[in-house]
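Here's the structure, in structure tokens; my notes come after.
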Amino acid sequence: MNVGYPHNTMAKSNILHSDAIVLRSIDYSETSRIVTLYTREGGKMGVIARGARASKSRFGSTLEPMAHISAIIHCKPGRDLQTLSEASHVNTHDELRSSLLRMETGIRVIELVSSLMQSDQRNEQVFSLIAATLTALDKAPGRTSNLWPFFQLRLATLLGFGPAFDGDLVKGLTGEAAILDLRSGHITISAEPDGVSHQASRSVLRAFAVLARADLSDVVRMEMDAQTSSGVGAAVAAYLKYHVEESYPSRSARVFAQLSTPES
Amino acid sequence: MQFSSESVEALVDQFARLPGIGRKTARRLAAFILKLPKAEVAQMADALIAVKEKVISCTTCFNVTDHDPCPICASERRDHETVCVVEEPGDVMAIERTQGYSGIYHVLGGAISPLDGIGPEDLRIKELIARAANPAESDPIIGEVILAVNPSVEGDTTAYYISQLLAPFEVKVTRLARGIPIGSDLEFTDEATLTRALLARVSM
């Protein structure tokens with residue numbers, strides 16, 4: 001596991017108190033777990049939680065993927081895995097695990113973060129985005145399908161490769177189809193010279209533009225028909241794949257595709 | 001410390017492959033084997049070989065067994081209308097140790113884990129649905145399926161998926177209760193577990 005050493009807060013103390021989102025949790029030996037966290041203070045970190053598999057473990061259910069926890073981590077420079085000594089829930093996300101659809105979005109969010117974030121990358125805005133998206137997923141009354149494309153576009157923006165389209169041009173689009181330039185994120189009527197284009201309907205690319213700039217509270221209220229939603233999903237995936245190439249995760253998507261077609 | 005015998009070192013290497021066994025413990029185990037009489041070591045070696053030669057998977061429930069069907073599936077004393085679905089054979093042993101369950105089992109061979117790329121096709125879910133949909137002529141119709149999967153993200157995913165598939169059949173689908181372990185302390189119970197325990201509270 002590639003694990004870094006958090007800076008700033010670490011220079012003063014070898015004990016890190018931080019909010020964290022659990023990205024991955026795997027059993028280790030008879031009683032322990034190795035957990036990958038995305039912490040507010042130190043970015044992505046690998047920690048070992050000794051005794052976490054025992055039925056009366058002090059960690060309880062805090063180390064399940066997608067959990068938002070408050071963690072106390074004992075850190076030593078040069079060590080691959082830091083030691084998690086305490087964890088408590090900040091948000092229990094009771095509803096997040098109440099349906100396959102919510103779990104799919106949540107799992108894809110943490111899978112993407114796990115794949116794109118490097119272990120020494122501290123980014124408080126990314127942490128806030130993950131926490132806010134998981135909370136919206138937990139609290140939203142029903143419409144959660146917009147959250148996945150929203151999260152991807154917003155993460156791309158925070159990492160410096162967000163789509164750079166002109167909002168007025170998008171509003172003024174005419175005709176049925178339009179072009180998303182995957183390299184720049186421009187949305188136009190005709191393909192740019194030397195551009196790498198993704199063609200979609202005007203309504204799909206308008207929705208793409210809205211999701212890229214809207215607030216989270218508006219995103220969960222935004223209504224899209226199934227065809228537009230599917231088109232936006234394809235456009236966002238094409239955009240992300242162009243920029244991050246093989247780092248774009250597909251494992252959980254493949255499994256959830258099987259779950260959504262049980263009759264096959 | 002290192003043994004001066006290549007054979008003993010080879011044994012240490014093999015012990016060290018076992019889960020939860022480090023090289024230090026492996027050396028202690030090897031030293032113990034050295035002190036045992038040859039007949040006892042032969043018994044141990046025979047048991048290891050027998051596990052690989054004799055143990056098969058029950059074609060009904062997929063539990064590990066020496067005979068097909070396994071003693072549980074073959075038993076007339078068991079309640080064949082109730083099927084307890086577990087992830088691994090070790091879970092069957094855990095439930096049998098309670099002596100509080102008299103139904104039969106279905107071992108999935110794991111749980112759906114999207115992050116690991118393990119989907120329903122990698123598990124024995126189709127076989128479970130077939131048991132519920134088309135029971136063998138000699139078997140009673142299944143009345144209840146107890147989902148005894150782990151209370152984890154993987155277990156939840158598996159439980160939701162199986163309950164969807166079983167919905168068209170007239171079968172009651174239940175899941176093990178989640179709450180506070182007996183003997184533990186409320187003060188140290190995490191918030192999510194405590195919330196589940198409150199939701200699943202029972203009248204007295």
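Values below: every heavy atom of this structure, side chains too, minus hydrogens, waters and symmetry copies. Remember, it's a predicted structure, so these values are computed and weren't measured experimentally. Quick note on labels: first sequence line is chain A, next is B, and so on, each numbered from 1.
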- Working for side chain to side chain contact (heavy atoms under 4.5 Å, CB included), residues A/Gln258 and B/Asp122: CA-CA 11 Å; A/Gln258 290 176 32; B/Asp122 302 308; 5.5 Å; no

- Message: If we count only N and O atoms by modelled type, under 3.5 Å, do the side chains of A/Thr62 and B/Asp190 hold a donor and an acceptor together?
- Response: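 No, B/Asp190 and A/Thr62 have no side-chain donor paired with an acceptor closer than 3.5 Å.
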
Of the listed residues ([options]), which shares the most heavy-atom pairs with chain A below a 4.5 Å separation?
{"options": "B/Ile21, B/Ile129, B/Thr189, B/Leu115", "answer": "B/Leu115"}
{"options": "B/Thr157, B/Ile118, B/Thr193, B/Ile180", "answer": "B/Thr157"}
{"options": "B/Gly119, B/Pro114, B/Gly117", "answer": "B/Pro114"}
{"options": "B/Ser152, B/Ser184, B/Gly183", "answer": "B/Ser152"}

- Item | Residues which pass side-chain hydrogen bond (donor to acceptor under 3.5 Å, both in side chains) with B/Thr195, listed by chain and number, not counting sequence neighbours |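 None.
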
- Indicate the atoms forming the closest heavy-atom contact of A/Arg97 with B/Val153, along with that distance. NH2-N, 3.5 Å

- Can you name the nearest heavy-atom pair linking B/Gln164 to A/Leu100, along with the distance?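 So the two residues come closest at NE2-CD1, 3.4 Å.
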
- Task: Considering only heavy atoms and a distance below 4.5 Å, find which of A/Pro65, A/Ser99, A/Ser98 pairs most often with chain B.
- Result: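 Most pairs with chain B among the choices: A/Ser98.
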
- May I ask you to name which of A/Met103, A/Arg108, A/Glu104 has the most heavy-atom pairs under 4.5 Å with chain B? A/Met103

At a 4.5 Å cut-off on heavy atoms, which part of [X] comes close to chain B: side chain, backbone, both, or neither?
{"X": "A/Ile110", "value": "side chain"}
{"X": "A/Ile69", "value": "neither"}
{"X": "A/Arg254", "value": "neither"}

Quick check for you: to the nearest 0.5 Å, what is the distance between [X] atom [atom1] and [Y] atom [atom2]?
{"X": "B/Tyr161", "Y": "A/Ser260", "atom1": "OH", "atom2": "OG", "value": "9.0 Å"}
{"X": "A/Ser61", "Y": "B/Glu191", "atom1": "OG", "atom2": "CD", "value": "8.0 Å"}
{"X": "B/Glu154", "Y": "A/Ile107", "atom1": "CD", "atom2": "CD1", "value": "7.0 Å"}
{"X": "B/Ser113", "Y": "A/Ile26", "atom1": "OG", "atom2": "CD1", "value": "11.0 Å"}

Around [X], counting heavy atoms of other residues, nucleotides and ligands shown, do more than 12 lie under 6.0 Å from its [atom1]?
{"X": "B/Ile182", "atom1": "CD1", "answer": "no"}
{"X": "A/Glu86", "atom1": "CD", "answer": "no"}
{"X": "A/His17", "atom1": "NE2", "answer": "yes"}
{"X": "B/Glu144", "atom1": "CD", "answer": "yes"}
{"X": "B/Leu18", "atom1": "CG", "answer": "yes"}
{"X": "A/Arg50", "atom1": "CZ", "answer": "no"}
{"X": "A/Gln125", "atom1": "CD", "answer": "no"}

Part of [X] lying under 4.5 Å from any heavy atom of chain A:
{"X": "B/Pro120", "answer": "both"}
{"X": "B/Asp116", "answer": "both"}
{"X": "B/Ile162", "answer": "neither"}

- Query: Who passes ring-ring contact (aromatic ring centres under 6.0 Å, His included) against A/His68, sequence neighbours left out?
  - Reply: A/Phe127

- Item | Those residues that, when tested against A/Tyr28, pass ring-ring contact (aromatic ring centres under 6.0 Å, His included) (two or more places apart) |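 ring-ring contact (aromatic ring centres under 6.0 Å, His included) check on A/Tyr28 returns nothing, list empty.
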
- Query: Below 4.0 angstrom, N of the basic side chain to O of the carboxylate: do A/Arg102 and B/Asp156 qualify?
  - Reply: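 Judged by the 4.0 Å cut-off on N to carboxylate O distance, A/Arg102 and B/Asp156 do not form a salt bridge.
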
- Query: Do any of residues 241-249 of chain A have a heavy atom less than 4.5 Å from a heavy atom of chain B, and if so, which, in residue order?
  - Reply: none

